[in-house]
A.B. asks: 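Handing you a structure now.
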Amino acid sequence: MSKSKDESKNLPKKEKFSEWYHELIQKAEIMDVRYPVKGLYVWFPFGFKIRKNVYDILREIMDREHDEVYFPALIPETELGKEGEHIKGFEDEVYWVTHGGNTPLDIKLALRPTSETAMYPMFKLWIRSHANLPLKVYQIVNTFRYETKHTRPLIRLREITSFKEAHTVHATFEEAEEQVRKAVSYYKEFYEKLAIPCIICKRPEWDKFPGAVYTIAFDTIMPDGKTLQIGTVHNLGDNFAKTFEITYETPDGDHSFVHQTCYGISERCIAALISIHGDDLGLVLPFEVSPVQIVIIPILYKGKEEIVLRFSGEIYNEIRGKYRVIMDDSDERPGAKYYNWEIKGAAIRIEVGPKEVEENSVVVSFRDERKKFKVKRDELTEKIDTWAKEMRERIYNKALEKFKEKIKICENLNEVKNWIKEGVVLTYMCDSKECGSELDEVGNVLGEILELPIDVKMEGKCVICGKKGKLTAIAKTY
RNA sequence: GGGGCCGUGGGGUAGCCUGGUGAUCCUCCCGGCUUUGGGAGCCGGUGACCCGAGUUCAAAUCUCGGCGGCCCCA
């Protein structure tokens with residue numbers, strides 16, 4: 001085996017995160033990056049299966065109290081421009097449809113950068129009385145943003161293909177507040193299932209969603225120490241209600257503006273999934289979302305093919321109804337198959353050779369640990385659920401360890417400036433604008449911490465002025 | 001926002017400076033033989049100079065523009 005052969009087959013090491021990510025996306029057949037338009041990528045069948053498994057979880061959570069809907073992708077300029085702050089936040093990155101065939105359109109149509117302005121004129125028609133409230137809907141759609149910065153598959157896209165956006169409407173601000181709390185707990189549950197540790201914080205005033213009263217965001221920490229925003233929850237107050245004249249009749253016959261929230265998660269959740277758990281050999285996925293939960297590899301010695309295939313076939317038939325399982329009886333050597341399924345994150349590998357047939361056992365290996373051990377044939381099926389659960393816990397704990405290593409509590413500005421190059425800074429910040437913008441020049445102020453998977457004191461002295469401050473995260477961001 | 005580098009079979013590359021040979025090597029892929037417990041071997045095969053304009057007898061190579069990609073700094 002020559003060195004050059006090795007290099008052309010292997011992934012770059014994960015320490016070179018940017019290269020690793022770029023190649024893994026292709027080698028694991030998640031996305032084809034060769035589509036000839038900047039910022040647009042193609043989902044391969046395998047990648048799309050990951051997407052389906054992940055979004056099935058998200059959908060299950062949403063379906064508990066939201067109805068799924070679909071609003072059009074085109075928004076008339078007249079609606080998009082109604083909310084002043086909102087349009088200011090997006091106008092530089094809107095794609096416009098200006099012609100129907102060769103005929104210029106009277107009113108230009110925007111490809112949705114997000115759907116508030118598509119939905120809310122309709123909400124005005126839907127909502128008439130307090131009996132119509134609350135309204136809770138979601139949709140999973142593509143959205144378009146003309147990104148001028150460096151685009152990256154799943155992370156910075158011109159077409160976001162998988163934006164789950166929920167929109168709710170309530171009678172009062174307090175009810176909207178309650179919905180925000182629920183949304184945060186839903187997203188927490190979602191990311192726990194994906195074994196992704198998150199920082200939950202309240203975005204500073206200058207970084208909130210355009211048109212919102214406030215924004216709560218989920219960020220995770222990528223292997224290079226930069227953070228990735230992977231979910232947002234906005235309390236819109238009655239800002240949009242006033243713009244779009246969404247009112248309801250109260251029980252005593254008055255008319256009031258509604259209060260709204262919206263919250264979203266995009267395919268960045270899959271970027272996080274891949275980046276946080278993957279290793280030098282490829283994808284590592286929690287059992288629940290892996291497209292190949294179990295792969296059976298028969299080891300076919302000459303003359304023994306038949307007994308080995310029969311034995312592994314029986315196992316395959318026994319578990320295939322319950323799990324996503326593949327029997328790899330292709331004409332490759334076992335070692336090559338191991339590598340191929342490791343890059344794709346097959347969670348459990350079962351090896352069956354002549355020895356196992358004789359002993360009535362199998363050899364099992366978990367993708368995250370890569371040790372091999374023997375299991376009795378009859379005990380195999382009943383153990384899978386337990387293994388899956390333990391694997392998710394191991395993966396989460398490992399992710400949490402790495403997460404902790406990249407966070408540091410900084411006592412002074414110098415420490416902040418040094419650590420920002422390595423990872424996420426936690427420090428204390430007062431609510432004055434001056435201190436905020438001073439810190440925002442060092443890194444991006446993610447905001448006041450609401451929740452963290454590690455124990456830290458929530459209040460302290462502002463790192464700039466020394467007055468009373470709150471625990472705040474600062475980081476380089478994607 | 002500013003700067004730099006690059007575009008050659010499906011993937012990775014040599015060739016470009018100094019224009020002219022049958023465009024190099026690895027991998028993938030296809031067919032055959034053989035083999036199978038961590039990327040086997042041998043034989044045979046398919047497949048490429050980003051697009052457009054220009055210079056020239058002649059362009060992968062030089063010039064300009066477009067499109068696309070990568071990296072660094074703010």
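All figures in this text were calculated on a predicted structure; none of them were measured in a lab. To find a chain, count down the sequence lines: A is the first, B the second, and so on, and within it residues start at 1.
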A.B. asks: Please give the nucleotide sitting opposite B:rC29 as a Watson-Crick or G-U wobble pair, both distances under 3.5 Å, or none.
C.D. replies: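 B:rC29 is paired, partner B:rG45.
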A.B. asks: State the pairing partner of B:rG1; accept Watson-Crick or G-U wobble contacts with both distances under 3.5 Å, and report none otherwise.
C.D. replies: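 Base partner found: B:rC73.
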A.B. asks: Taking all heavy atoms of A:Gly345 and all of A:Ser290, pick out the closest pair and write down the distance.
C.D. replies: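 Looks like O-OG, 3.0 Å.
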A.B. asks: Nearest of B:rG37, B:rU34, B:rG11 to any side-chain atom of A:Asp331?
C.D. replies: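 Nearest to the side chain of A:Asp331 among the choices is B:rU34.
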A.B. asks: Please report the distance separating the P of B:rC6 from the corresponding atom of B:rA14, rounded so that it comes out in whole Å.
C.D. replies: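 Pairwise P distance, B:rC6 against B:rA14, rounds to 11 Å.
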A.B. asks: Any idea which of B:rG1, B:rU35, B:rG39 is nearest the A:Lys302 side chain?
C.D. replies: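 Ranking B:rG1, B:rU35, B:rG39 by closest atom to the A:Lys302 side chain puts B:rU35 first.
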A.B. asks: Contact between A:Lys398 and A:Arg394 at the side-chain level, heavy atoms closer than 4.5 Å - yes or no?
C.D. replies: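 SC-SC contact between A:Lys398 and A:Arg394 ruled out.
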A.B. asks: Just checking A:Glu332: base, sugar-phosphate only, or nothing, at a heavy-atom cut-off of under 4.0 Å?
C.D. replies: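 Touches a base.
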A.B. asks: Between B:rG4 and B:rC49, how far is it from one P atom to the other, in whole Å?
C.D. replies: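 My reading of the P atoms in B:rG4 and B:rC49 gives 30 Å.
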A.B. asks: Please measure how far the P atom in B:rC64 lies from the corresponding atom in B:rG7, and state the result in whole Å.
C.D. replies: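 These two P atoms come out 15 Å apart once rounded.
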A.B. asks: Scan every strand shown for a Watson-Crick or G-U wobble partner of B:rU18, both distances under 3.5 Å, and answer none if you come up empty.
C.D. replies: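 WC or wobble partner does not exist here.
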A.B. asks: May I ask you to check whether over 12 heavy atoms, not counting those of A:Lys38, lie within 6.0 Å of atom NZ?
C.D. replies: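 Yes, because the 6.0 Å sphere around NZ of A:Lys38 holds more than 12 heavy atoms from other groups.
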A.B. asks: Between the side chain of A:Ser365 and the main-chain N/O of A:Lys371, is any donor-acceptor distance below 3.5 Å?
C.D. replies: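 The answer is yes, because a donor-acceptor pair under 3.5 Å joins these two groups.
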A.B. asks: Nearest-Å distance, CD1 (A:Ile350) to C1' (B:rG37)?
C.D. replies: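 My rounded result for the distance is 16 Å.
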A.B. asks: Counting side-chain heavy atoms from C-beta on, which of B:rG38, B:rG10, B:rG37 comes nearest to A:Arg34?
C.D. replies: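 For A:Arg34, the side-chain atoms sit closest to B:rG10.
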A.B. asks: When rounded to the nearest Å, what value does the distance between C1' atoms of B:rU61 and B:rU55 take?
C.D. replies: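 Those two atoms are separated by 13 Å.
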A.B. asks: Are OP1 or OP2 of B:rA40 and a side-chain N or O of A:Arg333 less than 4.0 angstrom apart?
C.D. replies: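 True: A:Arg333 side-chain N/O within range (under 4.0 Å) of B:rA40 OP1/OP2.
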A.B. asks: Which nucleotide in the set B:rG38, B:rG1, B:rU36 lies at the smallest distance from any side-chain heavy atom of A:Arg370?
C.D. replies: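 The answer is B:rG38, which lies nearest to the side chain.
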A.B. asks: Considering non-hydrogen atoms only, spot the tightest contact between A:Tyr428 and A:Gly460 and give its length.
C.D. replies: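 Shortest heavy-atom separation between A:Tyr428 and A:Gly460 comes out as CD2-N, 3.2 Å.
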A.B. asks: Encode nucleotides 69-74 of chain B as B, S and - characters from 5' to 3', where the letter depends on protein heavy atoms closer than 4.0 Å: B to the base, S only to sugar-phosphate, - to neither.
C.D. replies: SSS--B
A.B. asks: Is there a Watson-Crick or G-U wobble partner for B:rC67 with both distances under 3.5 Å, and which nucleotide is it?
C.D. replies: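 Its partner is B:rG7 (Watson-Crick or G-U wobble, both distances under 3.5 Å).
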A.B. asks: Verify the contact: side-chain N or O of A:Tyr301 to OP1 or OP2 of B:rG37, cut-off strictly under 4.0 Å; return yes or no.
C.D. replies: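 A:Tyr301 to B:rG37 OP1/OP2: side-chain N or O found under 4.0 Å.
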A.B. asks: Check the interface with nucleotides 2-8 of chain B: list each N/O to N/O pair with the protein under 3.5 Å, or write none.
C.D. replies:
none

A.B. asks: Heavy-atom count check: over 12 atoms from other residues, nucleotides or ligands less than 6.0 Å from A:Glu358 CD?
C.D. replies: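 It does not: A:Glu358 CD has 12 such atoms or fewer within range.
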A.B. asks: Describe, in one word, how the ring planes of A:His234 and A:Phe209 are oriented to each other, choosing from parallel (under 30°), tilted (30 to 60°) and perpendicular (over 60°).
C.D. replies: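 Aromatic pair A:His234/A:Phe209 classed parallel.
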A.B. asks: When the C1' atoms of B:rU27 and B:rU13 are considered, how many whole Å apart are they?
C.D. replies: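 Here B:rU27 and B:rU13 have their C1' atoms 11 Å from each other.
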A.B. asks: Starting from C1' on B:rU34, measure out to CD on A:Glu305 and report it in whole angstrom.
C.D. replies: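 After rounding, the gap between these two atoms is 13 Å.
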A.B. asks: With rounding to the closest Å, how many angstrom separate the C1' atoms on B:rA60 and B:rG15?
C.D. replies: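 Straight-line distance between the two C1' atoms is 9 Å.
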A.B. asks: Taking the six-membered ring for Trp, is the centroid-to-centroid distance between A:Tyr41 and A:Tyr35 below 6.0 Å?
C.D. replies: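 No, ring centres 6.0 Å or more apart.
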A.B. asks: Please compare A:Pro354 and A:Pro36 by the position of their nearest nucleotide in RNA chain B and report the one closer to 5'.
C.D. replies: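 Nearest-nucleotide comparison on RNA chain B picks A:Pro354.
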A.B. asks: If we require ring centres under 5.5 Å and near-parallel planes under 30°, does A:Tyr339 stack on B:rG39?
C.D. replies: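 Stack criterion met.
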A.B. asks: Kindly indicate whether the side chain of A:Gln26 and the base of B:rG10 share any N or O donor-acceptor pair separated by less than 3.5 Å?
C.D. replies: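 Check fails, no donor-acceptor contact within cut-off.
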A.B. asks: Using purine N1 to pyrimidine N3 plus N6-O4 or O6-N4 for Watson-Crick, or N1-O2 and O6-N3 for G-U wobble, both under 3.5 Å, which nucleotide pairs with B:rG38?
C.D. replies: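 Because no pair has both required distances under 3.5 Å, B:rG38 counts as unpaired.
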A.B. asks: With rounding to the closest Å, how many angstrom separate the C1' atoms on B:rA48 and B:rG22?
C.D. replies: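 Rounded to whole Å, the distance is 15 Å.
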A.B. asks: Rounded to whole angstrom, note down the C1' distance from B:rC50 over to B:rA59.
C.D. replies: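 Comparing C1' positions in B:rC50 and B:rA59 gives a spacing of 15 Å.
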A.B. asks: Using side chain to side chain contact (heavy atoms under 4.5 Å, CB included) as the criterion, list what pairs up with A:Phe311, not counting sequence neighbours.
C.D. replies: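 With neighbours one apart ignored, the set is A:Ile315, A:Val352, A:Val357, A:Asn360, A:Val362, A:Arg377.
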A.B. asks: Report the distance from atom CG of A:Leu24 to atom C1' of B:rG11, rounded to the nearest whole Å.
C.D. replies: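 Interatomic distance, CG of A:Leu24 to C1' of B:rG11: 15 Å.
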A.B. asks: Both A:Leu281 and A:Glu23 contact RNA chain B. Which one's nearest nucleotide lies toward the 5' end?
C.D. replies: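 Upstream on the strand: A:Glu23.
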A.B. asks: More than 12 non-hydrogen atoms from neighbouring residues, nucleotides or ligands closer than 6.0 Å to NZ on A:Lys402, yes or no?
C.D. replies: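 Yes, NZ of A:Lys402 has more than 12 neighbouring heavy atoms, counting only those of other groups under 6.0 Å.
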A.B. asks: Can the positive tip of A:Arg349 be found less than 6.0 Å from the middle of the six-membered ring of A:Tyr338, inside 45° of the ring normal?
C.D. replies: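 Relative to the ring axis of A:Tyr338, which defines the angle, A:Arg349 lies inside both limits.
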A.B. asks: For A:Glu359 and B:rG37, what is the distance between atoms CD and C1' respectively, to the nearest whole Å?
C.D. replies: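 A:Glu359 atom CD is separated from B:rG37 atom C1' by 13 Å.
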A.B. asks: Nearest whole Å is fine: how far is B:rU36 C1' from A:Lys337 NZ?
C.D. replies: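 Spelled out: NZ on A:Lys337 to C1' on B:rU36 is 8 Å.
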A.B. asks: What integer distance in Å separates A:Ile299:CD1 from B:rG39:P?
C.D. replies: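 Rounded to whole Å, this separation is 12 Å.
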A.B. asks: Which part of the nucleic acid, if any, lies within reach of A:Glu342 when heavy atoms closer than 4.0 Å are counted: base, sugar-phosphate only, or nothing?
C.D. replies: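 Result for A:Glu342 = base.
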A.B. asks: Round to a whole Å and report the spacing from NZ of A:Lys374 to C1' of B:rG37.
C.D. replies: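 It works out to 10 Å between those atoms.
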A.B. asks: Take atom CG of A:Asp32 and atom C1' of B:rG11, then tell me their distance rounded to the nearest Å.
C.D. replies: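 Those two atoms, CG and C1', are 11 Å apart.
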A.B. asks: With a 4.0 Å cut-off on N to O distance, would you call A:Arg51 and A:Glu267 a salt bridge?
C.D. replies: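 Salt bridge absent between A:Arg51 and A:Glu267.
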A.B. asks: Report the base-pairing partner of B:rU56 (Watson-Crick or G-U wobble, both distances below 3.5 angstrom), or none.
C.D. replies: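 Paired with no nucleotide.
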